[in-house]
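Okay, structure first, notes after.
Heavy atoms only: backbone and side chains are in, while hydrogens, waters and symmetry mates are out. A, B, ... follow the sequence lines: proteins, then strands. Residue 1 opens every chain.
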Protein chains: 2
Amino acid sequence: MSAEPRLDALFQALADPTRRAILSQLALGPASVSDLAQPFDMALPSLMGHLRKLEDAGLIDTKKDGRVRTCAIVPEAFAPVRGWLDEQRALWEGRLDRLEDYVLQLMKERRDDSGS
Amino acid sequence: MSAEPRLDALFQALADPTRRAILSQLALGPASVSDLAQPFDMALPSLMGHLRKLEDAGLIDTKKDGRVRTCAIVPEAFAPVRGWLDEQRALWEGRLDRLEDYVLQLMKERRDDSGS
DNA sequence: CGAATAGTTAGTCAAATAACTAACCAACAT
DNA sequence: ATGTTGGTTAGTTATTTGACTAACTATTCG
């Protein structure tokens with residue numbers, strides 16, 4: 001019934017302020033692990049955990065060069081999230097359209113009725 | 001540094017397939033708790049927990065009338081999520097713009113260089 | 001009234017999160 | 001070759017999540 005484990009991981013990854021802050025930083029350009037860690041009052045392994053979650057969700061991509069691991073954002077990864085939101089809005093608007101049709105139908109029937 | 005506890009609750013609420021399915025159902029129109037529960041193979045209290053989280057996040061609104069609690073979606077509640085995504089994209093695009101400026105600058109300098 | 005319906009409360013439990021410290025490895029830099 | 005920097009692994013702990021059962025309350029129906 002779920003059929004979208006990717007969305008679970010994406011939304012879950014975004015549900016944390018530290019991880020969102022990391023993404024905002026990376027949106028400005030790639031950065032190393034310790035660059036990313038610097039603004040946070042948090043031990044390195046904790047921050048690594050966040051990076052791992054972001055990478056597992058596909059939101060960032062990391063590559064180790066020498067002893068430095070460089071992290072970069074993957075902008076396309078946000079697409080499924082936007083997609084779900086759009087789909088959701090489409091459902092909602094579809095409902096509004098049907099509601100409108102219904103109301104118009106009611107008005108028409110009342111007109112016909114009083115006209116008989 | 002977080003400054004957006006609302007986003008935490010929103011993304012967290014969306015990070016579960018059951019809750020997303022509930023929202024998709026509600027996008028089609030209001031429904032009672034047992035209507036919503038029917039498609040799921042889950043005890044009622046568990047489903048109530050999901051409804052509670054959705055309500056706490058502000059994504060749904062519920063009202064009890066007699067012994068029936070009716071749930072309705074709150075479409076505006078998605079706005080902060082969209083907002084954050086848009087902001088994120090803006091940062092990314094700003095970065096691309098600066099990158100483009102930089103590349104154009106480099107090209108200009110190379111032209112001037114070879115021209116000397 | 002008495003039974004069925006709709007939801008709620010309370011309490012339990014296993015698994016997942018998110019943080020920490022301590023110890024470790026693999027490049028560089030001197 | 002040794003120390004320092006940048007990151008990683010392992011293992012611990014407290015909290016939160018998500019699901020369950022059992023028992024309960026509050027309508028509504030016959």
Side-chain angles (χ1 to χ4, degrees), chain A residues 1-26 29-72, chain B residues 1-26 29-72:
Chain A
M1 177 152 281
S2 128
E4 277 302 358
R6 181 160 77 247
L7 280 176
D8 289 22
L10 283 169
F11 279 119
Q12 188 67 55
L14 296 176
D16 179 281
T18 301
R19 289 193 290 265
R20 288 197 305 277
I22 290 173
L23 289 173
S24 293
Q25 181 57 49
L26 288 179
S32 74
V33 171
S34 26
D35 285 350
L36 289 172
Q38 191 227 315
F40 301 101
D41 183 19
M42 186 181 288
L44 244 146
S46 314
L47 197 118
M48 291 286 297
H50 288 301
L51 291 179
R52 181 114 204 274
K53 284 215 141 196
L54 288 171
E55 188 165 21
D56 287 350
L59 285 163
I60 70 172
D61 190 19
T62 83
K63 196 165 33 167
K64 195 159 180 177
D65 184 23
R67 65 183 161 170
V68 175
R69 179 173 296 277
T70 301
C71 307
Chain B
M1 176 153 282
S2 129
E4 277 303 355
R6 182 160 77 245
L7 280 177
D8 290 21
L10 283 169
F11 279 119
Q12 188 68 55
L14 297 176
D16 179 281
T18 301
R19 289 194 289 267
R20 288 196 305 276
I22 290 173
L23 288 173
S24 293
Q25 182 56 49
L26 287 179
S32 73
V33 171
S34 24
D35 287 349
L36 289 172
Q38 190 226 314
F40 301 101
D41 183 19
M42 185 181 289
L44 245 145
S46 313
L47 196 119
M48 290 286 298
H50 288 301
L51 290 179
R52 180 115 204 274
K53 284 212 143 197
L54 288 170
E55 188 165 20
D56 286 350
L59 285 164
I60 68 171
D61 190 19
T62 83
K63 196 164 33 166
K64 194 160 181 178
D65 184 22
R67 65 182 162 171
V68 175
R69 178 173 297 278
T70 301
C71 307

Checklist outcome for this item: In whole angstroms, the gap separating P of C:dA18 from CG of A:D41 amounts to 18 Å

Next on the checklist: Between C1' on D:dT17 and CG on A:D8, what's the gap in Å once rounded to a whole number?
Outcome noted: 14 Å

Item to check | Minimum heavy-atom distance A:I60-A:C71, with the two atoms named | outcome: CD1-CB, 4.5 Å

Item to check | N/O (side chain, B:K64) to phosphate O (OP1/OP2, C:dG7) under 4.0 Å | outcome: no

Checklist entry - Between A:R19 and A:V68, which is nearer to the 5' end of DNA chain C once each is assigned its nearest nucleotide? => result A:R19

Item to check | Minimal non-hydrogen separation, B:F11 against A:L14, with atom names | outcome: CD1-O, 3.4 Å

Next on the checklist: Rounded to whole Å, please give me the gap between CE in A:M48 and C1' in C:dC20.
Outcome noted: 15 Å

Checklist entry - Side chain of A:A43: nearest nucleotide among C:dC20, C:dG7, D:dG18? => result C:dC20

Checklist outcome for this item: Note: B:T70 and B:P30 closest approach over all heavy atoms is CG2-CB, 3.9 Å

Next on the checklist: Less than 4.0 angstrom between a side-chain N/O of A:H50 and OP1 or OP2 of C:dT17, yes or no?
Outcome noted: no

Item to check | Rounded distance (Å) that lies between atom P of D:dT17 and atom CZ of B:R52 | outcome: 12 Å

Checklist entry - Can you find a heavy atom in the side chain of B:T62 that is under 4.5 Å from one in the side chain of B:V33? => result no

Checklist entry - Looking only at side-chain N and O atoms, does A:S34 come under 4.0 Å of OP1 or OP2 in D:dT5? => result no

Item to check | Below 4.0 Å: OP1/OP2 of D:dC20 and any side-chain N or O of B:S46 | outcome: yes

Checklist entry - Nearest nucleotide by nearest heavy atom, which residue falls closer to the 5' end of DNA chain C, A:G66 or B:D35? => result B:D35

Checklist outcome for this item: Correct closest heavy-atom pair for B:A13 and B:R19 would be O-NE, 2.8 Å

Checklist outcome for this item: Assign each of A:R69 and B:A15 the nucleotide of DNA chain D bearing its closest heavy atom; nearer the 5' end lies the nucleotide of A:R69

Checklist entry - To the nearest angstrom, how far is A:L47 atom CG from C:dT21 atom P? => result 14 Å

Item to check | Integer-rounded Å distance: D:dT17 P and A:D16 CG | outcome: 12 Å

Checklist entry - B:R67 has a side chain; which of D:dG6, C:dG7, C:dA6 sits nearest to it? => result C:dA6

Checklist outcome for this item: Testing D:dA19, C:dA18, C:dA19 for proximity to the side chain of A:K53, the answer is C:dA18

Item to check | Minimum heavy-atom distance B:M42-B:L47, with the two atoms named | outcome: SD-N, 3.9 Å

Next on the checklist: Of the options C:dT9, D:dG7, C:dC20, whose atoms approach the side-chain atoms of B:P45 most closely?
Outcome noted: C:dT9

Checklist outcome for this item: Separation of C:dG7 atom P from B:Q38 atom CD, nearest Å, is 12 Å

Checklist entry - Whole-Å distance between C:dA6 P and B:L36 CG? => result 13 Å

Checklist entry - Of the candidate nucleotides C:dA19, D:dG7, D:dC20, which contains the atom at the shortest distance from the side chain of B:M42? => result D:dC20

Checklist entry - Considering only D:dA19, C:dT8, C:dA19, which nucleotide approaches the side chain of B:L44 most closely? => result C:dT8

